[in-house]
Amino acid sequence: MTPRPASPEPDVSVVLPVFLREPTPRALRELSRAVESVLDQGHPGALEVLVVDDGSRTPVSEAVAGAAWAVDPRIRWIRVPRNAGLVNALNTGLVLARYPLIARIDADDAWRPGKLAKQLALFAADPDLTIVGTGMRLVHAGQAEDVDLVRPGGWQGILRFFATEGCPFPHGSVLARREVYLLLGGYPHAAHLSHCEDFALWGTWVRFFKPAMIEEVLFDYTVAESSVSGLFSAQQKKASGHVQQTFLDLGDASRLPAAAEALARALGTSLVDAGRVAFRIWKYGAPARLPEAALEPLRTLLPDRRIVAASGPALLPPEVREPAGSRCVRIDVV
Amino acid sequence: MHTHPTLFRVLDEKLSAFAARVWREPNRELRRRVRHAWYEWRIRRSGLFDAQWYVRTFPEVLASGLDPLRHFVRRGAAEGLDPNPWFDTSWYSERNRRAATRGRNPLVHYLRHADRDPHPEFSTRAYLESFPGAARSGATPLRHFLAHGARELEEKLAEARRVIATGVMNAAWYGGTRLERPLGGERGAGVGEFLAMQVDRADTRELERFVDSRTTPARPRELDARFLARTLAPAADFEARLASTRPAERAGSHPGALTFTVVTPFYSHFQHLAECARSVAELAARSAALEWVVVNDDPSFDEATLWGAVPEALRKSTRVLFDGRRRGIVARLNEGVLAARNEWILFVDCDDLVAPEATEVLGRYIERFPRCRYLSSAVVDIGEEGQVLRYRRRTTGPAQLLGEGMTAGHLKAIRRDALEEYGLFDPSFDGCQDYELALRIATSEPLLYVPEYLYSYRWHRRSQSVAQAARQARTDDAIVRRYALRLLARPERRGEAAPVERGVAVVRTQGLRNELLLEALRSLRIQTDPIAAVLVVHGGPDALRTVREVTAGLEGVEVLHAPETDRLRGHPLNVALAHIHASPAPWGFVCFLDDDDVLYPTFASAMIAALRSTGADLVHAASNKRVLGGPAQSAYVPLPAPTLLVQNSIPINAYAVRAEALRTARLEFDEELDYMEDWDFLVRALGSGMRFHPLDDVLSEFRLTGDGNTPTKTHPHLWAAALRRIRPRVDHAAEALGRDRLLAELLEFPAHLLERLDEDARRLVFAARALVDERCPAAADRGRPREIAS
């Protein structure tokens, strides 16, 4: 029986990166709306909103002085001294966050009431979950009609969506475990992935860690000409193509969830810990000692690595306890 | 028979344009008919449709009542039928997606893209190289081959026949020794006796199909392990090492009677099993006590069905192992081996054929080389219908097994005690398990290659999928990597090593850009595991005072002073290193940055995880650069460490080195270098034997402020002087590295990063190799396989 770890404490750090070229009334209005939509969730656990000011010429904390929310004790002001881009702002927020769950929101988005509670309910019900997204409404600044986007829930559905459509999680909808974020190294700083850093990160995430999606519109995403996706759509398209191709090169992704579960069984760990072990082997290629039964599921999880059984000493990963009665082998990545 | 090429091209273009117009025609049926008519005309003109062959190969065409060409255009192409034996419709469509778009015809696509390969066995590039006339003729290379190439090939065949007659078409090898003299022996049999019989027996038509291995092109290779082993390493050294193995004393002479078990794993190919069984029966009729073990791995065939394929005469010496499950070829091969009762095991696949004289030929060799435990024969390639495609020519011996790939294949005979000693087939290398086993044995004792054709290997129409091929290539790469490293006697990689906790950064400043300096220091704090700063001010008392002022009150920052301004850029770094080494703080790693660099927030956690997981002494990552105010751009990606011999390939802010390793190696920076003191330091680290590990995460950034970090150096003469000063240390590092470690470093560079390296990176790798070669000339007598008769 696979051990069931406790779900993470429902304490949430919300990372809100913001860069204001000019503190226009509209931008400030939207920012207030975004922050208030978080604060008004009525979240019973601990909550902090890390407003990461990515080097705006007028510090955002000064531009919003006077707003009631600006002095809310749940707000943490973080200022990056010089504009360094979204990835740096996001990772700064991740690193400085205090709580085990990270939520994302952009300065011009708004959560719907009850969003956080519904996501937390999923986490509480399934300790294996590491990330939960929701559906969104695309709100157009201009005349265009608003569109609801609701993507399929379930690990399989998310993998399929990744392979056939693209980025599965609306970024501002995500609630996810901080430990996994950090294990995966946060959002990638690679220049060729810029404007698609979230998609790139999810590509690794959903291979190793169980995701879910609430099939309901729970936040509003503002489509503005000036938003990142608007400005850099060509670069984004190229980068997305690269991320998706890397994912497609893995072959049949529908085998991954069962393989992850089989690995957890073989290691005698939770699904999350099995994901950690597999990720580290994938990432660092270091030899490890594992129960023999872990070999096959590991090979299925890592079609882009060559896993071989070898002889010689190696250590059990810290997550794994010496199994009674089953043989351990050294595995090498060659 | 050809229209003038130019005229033809004009016509073709006009017709294409017309067809394109029709394409837009709203009437779909009309559109289709015009298109088909055009395709028919186009294909007929091309001479690439062999109607007789088409009807013979696909008898259902006759039943359709359609003219064969019309059938091909309307249905056949879409169903994957081939228009001639050398155009593989499905294979071509798989590789040329546009050609397979609905309604299009792959052959017509080929006519417009005749530089593509039409068939897995037909390399257009190689063909044009062999027959330059083909390129000038204006016809497609395939058309040229069908019309003329066959005749030119015929001439080559005449030569081949002459060669065969001399009995040395296939060399025989025992380990690194080429066997050229007749074997002699009591019965007067020599190498080539059976071969000559075989050649006599082969009819002319089969011989015409002989394709010299030289006409099979080597496909352009990726920068994979075999490529490295062949081109970079002391390739001959590997051969020498494989050639120098000696027969195991314990192998003694073969005990008792010379008895054979044929092991055949069965899967799917029932239509060929009966033929396989007949060949085994013929073999059994000529050998004593031969046993056949069939291991079924295909639950869709029951035991009775399989027995139905076994000829009456063979039944009493046959066993069919059956458990109704699918366990994979490796498990089944091993099951067969364990079930075998005889001394020698012959491996025959269920769709292949073994030659009736196999055991007699093998027996002669076994008598001559009683301590040999692994033999491999030459092989004939046959088609679906059993027609001979070619006699495969083997020009290399077992000593080249690593560089050439699996040449120790069918028919292979392995003595049972060798399998007991070296172990069975390894499921880790599923798909290339036979290659891995051959190398496992060949690295310990010599294999024997015999020149006779004892096996017919059947090629199937359905070619491998791209994913399968990629997987196979990766497995092959893994095997070469593993055995190359073993032959280099590289110690096993360590797993998780001593834990690394906190890091310390040496920050170098002259106190001239304190705003940037504060950003650098801030980047050390914004980490999950904050990095302590040892900040060294290289300058006078004023600089020190200013820096102290601006950093006052910052946590985790120690300010040191490097006052000697006549000493150069290495000086402040040495001051910091001395301080760190003397410090009681248990620093896990040391990293460096200048005051215009920043580390990204995940630097520390990524470095700690990598140092811990890999046990490396130094982890180097990718890094960015940024013009202040602009977007980040990629600056460096991690390259194999030996490229440090030819280029400063790791920026100072992009690595973390274990504090302990740094202390042990007593590394210091050169204080007399105007530039490149950081490069010099890394060259010394490489020379000192430190183990580098690359990480493809981007973890740091340097900012382009136009004062020294730009690629164009402001003082070329100082730059040149620095190069001169570094050169002897590079030479020394090259010598310390040596040829073997250079290759080992490259082979240990993660395969998924290696395959991403671009042309420039490859050039650096080759340049590093050239330098090491220059510094470490190989011993003169090393590496040449011995050419002695047995």
Side-chain angles (χ1 to χ4, degrees), chain A residues 55 78 80-85 87-88 90-96 178 181-194 232 249 251-252 280-289 295-296 299 303-318 330-334, chain B residues 225 426-430 436 467 470-471 474-475 477-479 481-482 485 492-497 515-516 518-519 522 526-528 598 600-602 604-606 609-610 612-615 622-626 628-629 631-635 637 693 695-701 747 750-752:
Chain A
I78 292 155
V80 179
R82 190 190 302 272
N83 178 247
V87 173
N88 184 65
L90 288 170
N91 286 336
T92 299
L94 282 180
V95 160
L96 296 180
R178 177 170 180 265
Y181 260 119
L182 295 177
L183 176 73
L184 304 190
Y187 293 89
H189 285 267
H192 73 278
L193 296 174
S194 71
F232 300 101
D249 287 345
D252 179 11
R280 282 205 309 272
I281 290 170
W282 176 77
K283 177 82 181 172
Y284 302 112
R289 206 157 73 88
L295 262 174
E296 265 326 295
R299 286 195 182 123
D304 47 351
R305 296 288 184 275
R306 193 73 212 164
I307 306 292
V308 303
S311 53
L315 295 176
L316 279 173
R330 173 185 154 119
I331 62 119
D332 276 355
V333 183
V334 282
Chain B
D426 186 342
S428 298
F429 300 101
D430 186 13
E436 194 274 339
R471 188 183 142 78
R474 202 173 291 130
T475 307
D477 190 58
I479 294 170
R481 202 171 280 271
R482 161 178 274 210
L485 285 169
E492 287 276 0
R493 283 213 304 172
R494 282 174 287 165
E496 303 229 347
E515 198 183 329
L516 292 178
L518 287 176
E519 289 176 34
R522 183 180 181 277
I526 310 247
Q527 301 279 336
T528 41
V598 286
Y600 288 148
T602 47
S605 53
R612 192 181 282 179
S613 295
T614 63
S623 72
N624 280 343
K625 62 186 176 192
R626 188 194 299 263
L628 283 176
Q633 298 162 279
S634 172
V637 292
H693 183 84
L695 199 57
D696 58 347
D697 298 0
V698 184
L699 297 180
S700 60
E701 165 179 314
L747 289 168
H752 64 281

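By convention in this document, chain letters (A, B, ...) are assigned in the order of the sequence lines, proteins followed by strands, and residues within each chain are numbered from 1. Remember, it's a predicted structure, so these values are computed and weren't measured experimentally.
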Considering all heavy atoms of both residues, which atom of [X] and which atom of [Y] are nearest to each other, and what is their separation?
X	Y	result
A:Ala286	B:Ser613	CB-O, 2.8 Å
B:Arg626	A:Asn83	NH1-O, 4.4 Å
B:Pro427	A:Arg299	O-NH1, 4.1 Å
B:Ile526	A:Thr92	CG2-CG2, 3.7 Å

Sequence neighbours left out, what passes ring pair (Phe, Tyr, Trp, His ring centres under 6.0 Å) with B:His752? Give chain and number order. none
Segment of [X] engaging chain A (4.5 angstrom heavy-atom cut-off):
X	result
B:Ala609	both
B:Leu518	neither
B:Ala632	backbone
B:Leu695	side chain

Aromatic ring pairing A:Tyr284/B:His693, orientation class (parallel under 30°, perpendicular over 60°, tilted between): tilted
Give a yes or no on whether the backbone of A:Gly185 and the side-chain of B:Asp697 come within a donor-acceptor separation of less than 3.5 Å. no
When rounded to the nearest 0.5 angstrom, what is the spacing between OG1 in B:Thr614 and CZ in A:Arg280? 12.5 Å
Could you look at A:Arg289 and say if it's the side chain, the backbone, both or neither that has a heavy atom under 4.5 Å from chain B? neither
Atom group of A:Ile331 that falls short of 4.5 Å from chain B, counting heavy atoms: neither
Start with the C-alpha distance between B:Gln527 and A:Asn91, add both sets of side-chain angles, then the distance that settles side-chain contact (heavy atoms from CB on, under 4.5 Å), and finish with yes or no. CA-CA 9 Å; B:Gln527 301 279 336; A:Asn91 286 336; over 6 Å; no
Are B:Val598 and A:Arg82 close enough, and set up right, to give a side-chain contact (heavy atoms from CB on, under 4.5 Å), and what steps lead you there? CA-CA 12 Å; B:Val598 286; A:Arg82 190 190 302 272; over 6 Å; no
Heaviest contributor of heavy-atom pairs below 4.5 Å to chain A, chosen from B:Asp426, B:Thr475, B:Asn624, is B:Thr475
Where do A:Arg306 and B:Ser428 land on the side chain to side chain donor-acceptor pair (under 3.5 Å) test, with the steps shown first? CA-CA 8 Å; A:Arg306 193 73 212 164; B:Ser428 298; over 6 Å; no
Assert top hit (heavy-atom pairs under 4.5 Å, partner chain B, pool A:Leu96, A:Asn88, A:Asp304) equals A:Asp304
Is the shortest heavy-atom distance from the side chain of B:Pro601 to the side chain of A:His189 under 4.5 Å? yes
